[in-house]
Amino acid sequence: MRNINSVKEEFLKKWIWGLRKYSSQKKNMSLMERKKAIKLSADLAMASTRNKTTRWSRALIANASRDGNNNKVLAEHVTSSPQRPVAGKSFTARIRSCRNMLRRNRAVHSRAKDRVVASSVAKRLVQKRTRRLKSLLPGGESMDGVSLVEETLDYIQSLRAQVEVMRSLVTASEIKILNPSGGEKQALPYIR
């Protein structure tokens with residue numbers, strides 16, 4: 001993933017743009033409509049920072065564009081941004097390392113019967129958790145195990161960046177509320 005600070009900055013810009021676009025189309029929104037607008041614009045902004053290079057970002061954009069006309073305008077803006085090349089890290093090295101650890105671990109266990117029982121229990125547990133993970137990740141239903149892990153890690157990083165930006169925005173607004181005489185040009189706190 002790119003530099004986290006540039007991702008946060010890009011997310012903030014696109015999120016604010018999406019909020020403005022959504023609110024300009026609909027002047028008097030109820031509380032539920034505002035909540036939906038905030039979530040939709042945050043999801044689309046987060047997906048657009050990935051420039052449709054991940055399955056979860058494409059799934060979020062597709063789901064948003066399916067839901068209604070206002071959402072389509074936001075989704076079209078997201079999809080119109082130019083794509084950047086992906087700086088991919090080799091995931092196969094980590095897989096090899098895990099396989100080697102499993103092989104060493106298997107050599108320690110000597111009883112065949114215990115291994116069969118343990119492996120069937122472990123297999124069921126992994127299958128159950130994989131199904132749950134696929135249901136949580138946007139677009140995860142059609143992924144295999146390795147890509148599911150890669151996409152989940154990327155999605156978690158994006159969610160963390162989103163939460164940190166939102167927290168910074170809340171902190172800045174609280175400072176502004178507590179200190180209204182601080183001037184109009186008070187900048188947002190540094191986003192870490």
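For reference, positions follow the sequence shown, starting with 1.
Counting only residues at least two apart or on different chains, the side-chain hydrogen bond (donor to acceptor under 3.5 Å, both in side chains) pairs with a member in residues 130-144 are D144-S147. For residues 140-177, the pairs satisfying ring pair (Phe, Tyr, Trp, His ring centres under 6.0 Å) are W56-Y155, with sequence neighbours left out.
Going from atom OG1 of T152 over to atom CD1 of I156 covers 6.0 Å, rounded to the nearest 0.5 Å. Considering CD1 of I38 and CE of M29, their distance stands at 8.0 Å, rounded to 0.5 Å. The OG1 atom of T49 lies 12.0 Å from the CG atom of L12; values are rounded to the nearest 0.5 Å. In this structure, the separation between CG on L169 and CD on E174 is 10.5 Å, given to the nearest 0.5 Å. The distance from the CG atom of L153 to the OG1 atom of T54 is 12.5 Å, given to the nearest 0.5 Å. Between the CG atom in N5 and the CD atom in E10 there is a gap of 13.0 Å [rounded to 0.5 Å].
At distances below 3.5 Å, at least one donor-acceptor pair connects side-chain atoms of E151 with backbone N or O atoms of R55.
Within the 4.5 Å cutoff, the side chain of L44 has no heavy atoms near those of the K14 side chain. By the 4.5 Å heavy-atom criterion applied to side chains, Q157 and V7 are not counted as neighbours. You'll find the side chain of Q162 stays beyond 4.5 Å of the side chain of W15, heavy atoms only.
Scanning both residues, A59 and P138, for their nearest heavy atoms gives CB-C, 3.6 Å. The nearest pair of heavy atoms linking T53 to R58 is C-NH1, 3.8 Å. Considering all non-hydrogen atoms of both residues, M46 and L60 come closest at CE-CD1, 4.1 Å.
Electrostatic pairing of E164 and R160 does not count as a salt bridge here, judged by no charged N lying under 4.0 Å from a carboxylate O.
L159 and F11 fall within the same hydrophobic cluster, where Ile, Leu, Val, Met, Phe, Trp and Tyr residues are linked whenever their side-chain heavy atoms come under 4.5 Å apart, directly or through other members.
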